[in-house]
Amino acid sequence: MTTVFIGTYGGEDEQSIQILQFDPQTATLRPTGGISGIRAPSYLLYNQARRCLYAVSETANGHVAAYRYEPSALVLTPLNRQLAHGDSPCHLAFGETDVVYVSNYMSGSISLLPIHDSGWLEPAAQVVRFFGNGPNSERQEGPHAHSVAIDPLTKRAFAADLGTDRIHVYEQSGRYLSYCDEIVLPPGTGPRHMAFSATGEVLYVVGELNATVNVFTRVAQTFKLAQVLPLYGDPASVRWAAHLQLNARETCLYVTNRGADTLSVFEIQSDGQLQPMFEVPAGGKTPRHFCLLPDERYLLIAYQDDDAIGVFAIDERGKPVDTRLRYHVKKPVCVLSV
């Protein structure tokens, strides 16, 4: 059995974080509990060693909550919460030291929350603010921090700014960041989520606003754009690319595309560049987030506007095959297996 946490756009009086058990023998999900008291926990992050779950509250003047998870009882216990020092926190990432990076979307900022040895969160040690805008007047009127990823080679922190088509690069020094570089994407890309190859030689970036996957290859300590691939066949289609994930062997890259509501699979070549393999219907409305389960035989997708989690089997070629099995969850927007 695999434990799966679901983050939602639920209210404080609802079980807005849910705990499910996935049975790979039957490809079914079983509810085992959850927790209320937090509004819009739209992104979750888990520390296996500490058995702690962290969740944003994607609200104005948002915050981040910490919970202790007891696997034997399948129970979450609140530890504490801290201000995100920004509006609409939408993403969490662990730093090289005991910190959590919080991406505040509406404020266009990154907050650093230190983690105490016990797992609870300390007040913000630093808030880094972005400036500027982009060509899309509706979505790029100002900076919009969307995610942070850590370069496995240099240990630098890369922060995606959807509003300015930039990835800001920082040196990590204890509980602080210092600016050192930036990567500029094509105008109107809207970088959302990122993934590094295990070696750190390749960086994959989802462009939310133009529905693309952008492939960067390392040149010394920075990166050069090597490839841009669209996630759609019809240029006029409505689309907002969402999430991406590499499989463990790094043979395939999976990407969801909202609006078109598709799941795309790319074959990873020896040089890290991509070759389109499959594009399949995602099976529901607004496939905002997904995760490959640990054995990579299955993939779970959160359908934000269908109030459901979908189950896909992964065949020997890496192609997602819809099982048609669905589990009802109100406004699911994050799927995390542990």
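The basis for the numbers below is simple: all heavy atoms, side chains too, and nothing from hydrogens, waters or symmetry mates. Along the sequence shown, residues carry numbers from 1.
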ILVMFWY cluster membership beyond F290 - transitive side-chain contacts under 4.5 angstrom: Y254, L263, V265, M277, F278, V280, L292, L299, I301, Y303, F312, I314
Salt bridge (Lys or Arg N to Asp or Glu O under 4.0 Å) involving D315 - partner list, sequence neighbours excluded: R317
Derivation of the side chain to side chain donor-acceptor pair (under 3.5 Å) call for T3 and Q21: CA-CA 5 Å; T3 298; Q21 291 289 300; 2.7 Å; yes
Residues S16 and E14: side-chain donor-acceptor under 3.5 angstrom: no
pair Y43-L336: side-chain heavy atoms closer than 4.5 Å: no
Pairing residues for E182 by the side chain to side chain contact (heavy atoms under 4.5 Å, CB included) criterion, not counting sequence neighbours: R166, H168, Y179, V184
Close side-chain approach of L253 and L246, heavy atoms under 4.5 Å: yes
Heavy-atom donor-acceptor pair, R192 side chain to W240 backbone, under 3.5 Å: no
Flag side-chain contact, heavy atom, 4.5 Å: Y204 against L274: yes
R249/E296 ion pair, N-O < 4.0 Å: no
R156 (side chain) donor-acceptor with T222 (main chain) under 3.5 angstrom: no
Residues clustered with M1, ILVMFWY side-chain links under 4.5 angstrom: none
Q304 and R258: side chain donor to acceptor below 3.5 Å: no
Residues that D151 engages under salt bridge (Lys or Arg N to Asp or Glu O under 4.0 Å), provided they are two or more places apart: R218
Side chain to side chain contact (heavy atoms under 4.5 Å, CB included) involving Q126 - partner list, sequence neighbours excluded: L112, V128, Y176, L177
Residue of the set T77, I38, L79 for which side chain to side chain contact (heavy atoms under 4.5 Å, CB included) holds with Y67: I38
